[in-house]
Amino acid sequence: MNITFVTVGKIKEKFFRDAVAEYQKRLSKYCKLDIVEVADEKTPDKASAVMEEQIKQKEASRILKNIKETSYCIALTIDGKKRDSVSFAEHIEQLGLSGNSSLVFVIGGSLGLHDSIVQRADEKLSFSDMTFPHQLMRVILIEQIYRCFRIMNGEPYHK
């Protein structure tokens, strides 16, 4: 299975980069994982709603360039479907079995995702009703993907 994360912005904190690198190494025995970072737009203080929409649109155009038409796209949004780890693993496994061997997970920037990304997505996924920094969300997502493969392979994982 090929998995791609398309994310807005770079991870600045070393501890987040180290965590992502560790899970990327662990995942290498289960799948091919690519992480594509697209440039984020600086949001001025007290930006208007129009300006925020323009920023999200610019980021969206960069994101869309990195999603193949044949890829199954999952957008991380606060209003997406919530799953526990076992049902997430079952879902990922079912996607693979049904011929979706190229999955793309999209993590937006500080303003979230533009509607064009949500419309392109085949599904929306939420990890919580809370808002997380996009750098931390990348760590959470990669850990959950690793956990999925452990579950799918009948290997022990921490409950």
Side-chain angles (χ1 to χ4, degrees), residues 1-28 30-85 88-89 91-92 95-96 100-149:
M1 181 172 279
N2 295 311
I3 297 176
T4 303
F5 292 2
V6 179
T7 66
V8 175
K10 295 188 180 298
I11 294 182
K12 296 170 184 70
E13 296 84 0
K14 183 181 181 325
F15 51 90
F16 285 147
R17 285 194 314 268
D18 290 347
V20 169
E22 176 62 27
Y23 282 109
Q24 238 180 327
K25 183 176 79 175
R26 292 181 189 189
L27 272 169
S28 66
Y30 301 107
C31 67
K32 181 179 184 298
L33 174 71
D34 292 312
I35 298 176
V36 177
E37 297 175 331
V38 301
D40 58 343
E41 290 290 316
K42 301 299 177 219
T43 305
D45 291 339
K46 299 180 184 174
S48 68
V50 170
M51 183 175 279
E52 286 186 358
E53 186 67 14
Q54 290 170 342
I55 289 169
K56 290 194 297 186
Q57 175 60 55
K58 286 179 185 176
E59 292 174 348
S61 67
R62 294 179 190 133
I63 291 168
L64 289 169
K65 289 178 185 173
N66 289 284
I67 303 174
K68 294 177 185 166
E69 206 169 296
T70 56
S71 294
Y72 188 89
C73 180
I74 301 172
L76 274 63
T77 64
I78 203 162
D79 63 338
K81 181 175 177 120
K82 292 178 183 69
R83 296 179 180 274
D84 62 32
S85 296
F88 186 45
H91 180 58
I92 297 299
L95 286 172
N100 294 301
S101 60
S102 179
L103 305 182
V104 175
F105 290 87
V106 180
I107 302 173
S110 60
L111 297 176
L113 293 170
H114 188 264
D115 287 341
S116 62
I117 301 298
V118 176
Q119 290 168 4
R120 163 56 183 94
D122 296 291
E123 69 177 85
K124 298 185 297 183
L125 176 67
S126 174
F127 282 87
S128 174
D129 289 333
M130 296 180 186
T131 301
F132 296 104
H134 54 280
Q135 298 94 335
L136 177 58
M137 197 63 241
R138 194 182 315 183
V139 175
I140 294 169
L141 176 61
I142 198 169
E143 186 280 334
Q144 284 298 305
I145 298 291
Y146 172 70
R147 185 178 297 262
C148 282
F149 281 99

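For clarity, every value in this text was computed on a predicted model and none was experimentally measured. What you see below is based on every heavy atom in this structure, not just the backbone, and it leaves out hydrogens, waters and symmetry mates.
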Which heavy-atom pair separates [X] from [Y] by the least distance, and what is that distance?
X    : Y    : result
A39  : V8   : O-CG1, 4.2 Å
I78  : D129 : CD1-O, 2.8 Å
S128 : K82  : C-CE, 4.0 Å
R138 : T7   : NH2-OG1, 3.0 Å
C31  : I3   : SG-CD1, 4.0 Å

Can you tell me how far [atom2] of [Y] sits from [atom1] of [X], rounded to the nearest 0.5 angstrom?
X    : Y    : atom1 : atom2 : answer
T4   : L33  : OG1   : CG    : 7.5 Å
I35  : Q24  : CD1   : CD    : 4.0 Å
Q54  : E59  : CD    : CD    : 12.5 Å
L136 : F16  : CG    : CZ    : 4.5 Å
R26  : I142 : CZ    : CD1   : 10.5 Å
I107 : I63  : CD1   : CD1   : 10.0 Å

Only counting residues at least two apart or in another chain, list the ones meeting salt bridge (Lys or Arg N to Asp or Glu O under 4.0 Å) with K32.
-> D34
What residues, two or more places apart in sequence or in another chain, satisfy salt bridge (Lys or Arg N to Asp or Glu O under 4.0 Å) together with K81?
-> none
Check: S85/Q144 side-chain N/O donor and acceptor closer than 3.5 Å = yes
Dump the intermediate steps for side chain to side chain contact (heavy atoms under 4.5 Å, CB included) on I145 and Y23, then the final yes or no.
-> CA-CA 9 Å; I145 298 291; Y23 282 109; over 6 Å; no
Mind checking what makes side-chain hydrogen bond (donor to acceptor under 3.5 Å, both in side chains) contact with R62, not counting sequence neighbours?
-> E41
For K14, check side-chain hydrogen bond (donor to acceptor under 3.5 Å, both in side chains) against everything at least two apart and list the hits.
-> D18
Any side-chain heavy atom of [X] within less than 4.5 Å of one from [Y]?
X    : Y    : value
H134 : L76  : no
T70  : S102 : no
S110 : I55  : no

Return all side-chain donor-acceptor pairs below 3.5 angstrom for residues 111-120, not counting sequence neighbours, or 'none' if the list is empty.
residue : atom : partner : partner atom : Å
H114    : ND1  : S116    : N            : 3.0
H114    : ND1  : S116    : OG           : 2.9
H114    : NE2  : E53     : OE2          : 3.0
H114    : NE2  : Q57     : OE1          : 3.1
R120    : NH1  : D122    : OD2          : 3.4
R120    : NH2  : K68     : O            : 2.9
R120    : NH2  : S71     : O            : 3.0

Could you tell me whether E52 and K56 make a salt bridge, using a distance below 4.0 angstrom between a side-chain N and a carboxylate O?
-> no
Ring pair (Phe, Tyr, Trp, His ring centres under 6.0 Å) with Y30: which residues, sequence neighbours excluded?
-> F149
